*Asks:* 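Pasting in a structure now, in C-alpha cells, and then I'll have a few things to ask.
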Amino acid sequence: MKILFLNGPNLNLLGQREPEIYGRTTLPEIEAKIRERATKVGAEIDFRQSNLEGELVAWIQQAKGKFDVVVLNAAAYTHTSIALRDAIAATGLPVIEVHISNVHAREEFRHKSLIAPVCYGQIIGFGVHSYVLALEASLNVNVSKKVDK
Ligand code: DQA
C-alpha cells in the first residue's frame with residue numbers, strides 16, 4: 001500500500017500558526033508520527049507540502065499509477081480550487097480529504113469544500129490525529145467500499 005500525503009498552503013507554518021486552532025505540533029512532527037505508524041502497518045508513504053496550487057495539481061496528476069491512495073489537506077484551497085477538484089476527478093484515485101480543525105465550527109467560508117464531492121471521504125476536526133485517522137482509513141479504502149455496497 002503506497003500512500004501520498006499532500007499538504008497545502010500555510011501548513012508549513014504549523015506549530016507557530018494560530019496554535020489555539022491548529023495546536024503546537026509542527027508538520028515534520030506529524031510526518032514523523034505518520035512514518036512511525038506506516039512502518040508498523042507495512043505501508044509506504046510520501047509526505048509533501050506546497051504553498052502553490054499548481055504544484056499540488058501536478059502532484060495529484062502524477063500520483064496515478066504510483067500511489068494507491070492520496071491523503072489531502074488542501075488547506076485554504078479546499079474552499080477555492082476548482083483546479084484541485086478537477087485533478088482529483090481526473091486521477092480516479094481515492095483521495096481522503098483531511099482537516100486538522102473542525103471547519104464547520106469556523107467561519108462560513110470554510111463550510112464549503114469544493115473537493116469533497118470528488119473525494120472518497122473526509123476526516124475533519126481531530127487535530128493532528130486527523131492524519132493518523134486518515135492513514136488508518138487509507139488502509140481500509142477497499143473494505144469501506146465493500147461495506148457500502
Ligand atoms: C485546514 C482548514 C482550512 O480552512 C484552512 O484554510 C487551513 C487548514 C485544517 O487543516 O484545519 O489552512 O485545512
Side-chain angles (χ1 to χ4, degrees), residues 1-41 43-64 66-141 144:
M1 168 71 75
K2 289 188 180 174
I3 309 162
L4 176 62
F5 283 77
L6 294 183
N7 294 280
N10 301 306
L11 293 172
N12 54 312
L13 300 179
L14 282 178
Q16 17 158 330
R17 169 193 184 206
E18 300 179 274
E20 66 288 357
I21 297 172
Y22 300 113
R24 297 247 173 231
T25 311
T26 65
L27 198 60
E29 286 167 348
I30 295 174
E31 178 178 355
K33 202 189 278 268
I34 291 301
R35 286 202 178 280
E36 194 188 321
R37 181 75 189 130
T39 305
K40 279 193 187 128
V41 297
E44 228 180 275
I45 70 149
D46 198 337
F47 199 97
R48 306 178 197 168
Q49 188 274 332
S50 178
N51 291 324
L52 305 178
E53 186 176 15
E55 188 159 39
L56 293 163
V57 167
W59 285 341
I60 291 168
Q61 289 180 4
Q62 291 156 14
K64 200 181 168 100
K66 296 198 184 100
F67 293 91
D68 301 299
V69 181
V70 177
V71 172
L72 173 63
N73 186 346
Y77 290 142
T78 305
H79 318 297
T80 62
S81 180
I82 298 169
L84 272 181
R85 180 199 168 110
D86 287 352
I88 294 165
T91 62
L93 276 176
V95 175
I96 299 177
E97 178 182 350
V98 167
H99 298 287
I100 296 166
S101 64
N102 179 357
V103 286
H104 299 291
R106 299 180 63 195
E107 301 95 329
E108 207 171 328
F109 64 83
R110 296 186 203 276
H111 297 181
K112 176 83 184 164
S113 166
L114 295 189
I115 64 172
V118 291
C119 283
Y120 188 92
Q122 294 174 302
I123 297 172
I124 295 174
F126 292 88
V128 295
H129 194 63
S130 288
Y131 284 83
V132 179
L133 294 172
L135 173 60
E136 301 300 326
S138 301
L139 303 173
N140 289 290
V141 151
S144 328

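On a predicted model such as this, the values are computed, not experimentally measured, just so you know. First listed ligand is number 1; within each ligand, the first listed atom is number 1.
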*Asks:* Closer than 4.0 Å to some heavy atom of His79 - which atoms of ligand 1 meet that?
*Replies:*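 Heavy-atom distances to His79 below 4.0 Å select 3 (C), 4 (O).
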*Asks:* Evaluate side-chain hydrogen bond (donor to acceptor under 3.5 Å, both in side chains) for Ser113 paired with Glu97, printing each intermediate quantity in order.
*Replies:* CA-CA 9 Å; Ser113 166; Glu97 178 182 350; 3.1 Å; yes
*Asks:* Could you pull out the closest heavy-atom pair between Ile115 and Ser81, with the gap in Å?
*Replies:*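 Between these two residues, the closest heavy atoms are CG2-O, 4.4 Å.
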*Asks:* Within a strict 4.5 Å, meaning less than it, do heavy atoms of the Ile60 and Ile88 side chains meet?
*Replies:*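 Of all side-chain heavy-atom pairs linking Ile88 with Ile60, at least one is under 4.5 Å.
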*Asks:* Just jot down the ligand 1 atoms closer than 4.0 angstrom to any heavy atom of Ala76, in number order.
*Replies:*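 Here the atoms of ligand 1 in question are 6 (O), 12 (O).
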*Asks:* Report yes if some N/O of Ile100 lies less than 3.5 Å from some N/O of ligand 1; otherwise report no.
*Replies:*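 Yes - when backbone and side-chain N and O of Ile100 are compared with those of ligand 1, one distance drops under 3.5 Å.
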*Asks:* Have a look at ligand 1 and work out which part of Val98, if any, has a heavy atom under 4.0 Å from it: side chain, backbone, both or neither.
*Replies:*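 Under 4.0 Å from ligand 1, Val98 contributes no heavy atoms.
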*Asks:* Assess whether a salt bridge exists between Glu29 and Lys33, defined as any Lys/Arg side-chain N lying under 4.0 Å from an Asp/Glu carboxylate O.
*Replies:*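 Here Glu29 does not pair with Lys33 in a salt bridge, since their nearest N and O are not under 4.0 Å apart.
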*Asks:* Mind checking whether Ser101 has an N or O less than 3.5 Å away from an N or O of ligand 1?
*Replies:*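 Yes.
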*Asks:* Side-chain contact test, heavy atoms from C-beta onward, threshold under 4.5 Å: evaluate it for Leu27 versus Glu31 and give yes or no.
*Replies:*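 The answer is no; the side chains never approach within 4.5 Å.
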*Asks:* Specify side chain, backbone, both or neither for Val103, according to which of its non-hydrogen atoms lie closer than 4.0 Å to ligand 1.
*Replies:*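 It is the side chain that touches ligand 1; the backbone stays farther off.
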*Asks:* Quick one: look at Glu97 and ligand 1, take heavy-atom pairs under 4.0 Å, and tell me if it's side chain, backbone, both or neither.
*Replies:*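 It is neither; nothing of Glu97 touches ligand 1.
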*Asks:* Do Ile96 and Ile123 touch side chain to side chain, with heavy atoms closer than 4.5 Å?
*Replies:*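 SC-SC contact between Ile96 and Ile123 confirmed.
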*Asks:* Counting heavy atoms not belonging to Glu108, are there more than 12 under 6.0 Å from its CD?
*Replies:*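 Atom CD in Glu108 is not packed in, count stays at 12 or less.
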*Asks:* Provide, to 0.1 Å, the distance between atom 7 (C) of ligand 1 and the closest protein heavy atom, together with that atom's residue and name.
*Replies:*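 It is Tyr22 OH, 3.4 Å.
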*Asks:* Is ligand 1 less than 4.0 angstrom away from at least one heavy atom of Asn10?
*Replies:*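 Outside the 4.0 Å threshold, so no.
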*Asks:* How long is the span from the CZ atom in Phe109 to the NE2 atom in His79, to the nearest 0.5 Å?
*Replies:*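 These two atoms lie 7.0 Å from each other.
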*Asks:* Tell me whether His99 contacts the main-chain N or O of Gly127 through its side chain, where contact means a donor paired with an acceptor under 3.5 Å.
*Replies:*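 The answer is no, because no donor-acceptor pair under 3.5 Å joins these two groups.
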*Asks:* Are any of the N/O atoms on Arg106, whether in the backbone or the side chain, positioned under 3.5 angstrom from an N/O atom of ligand 1?
*Replies:*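 Between Arg106 and ligand 1 (N or O atoms, distance only) the closest approach is not under 3.5 Å.
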*Asks:* With a heavy-atom distance limit of 4.0 Å, tell me whether Arg110 approaches ligand 1 through its side chain, its backbone, both, or neither.
*Replies:*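 It is the side chain that touches ligand 1; the backbone stays farther off.
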*Asks:* I need the nearest protein heavy-atom contact for atom 1 (C) of ligand 1: residue, atom name and distance, please.
*Replies:*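 Here the closest protein heavy atom is His99 ND1, 3.7 Å.
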*Asks:* Which of the atoms of ligand 1 are close to Arg17, meaning less than 4.0 Å from one of its heavy atoms?
*Replies:*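 This gives 7 (C), 12 (O) as the contact atoms.
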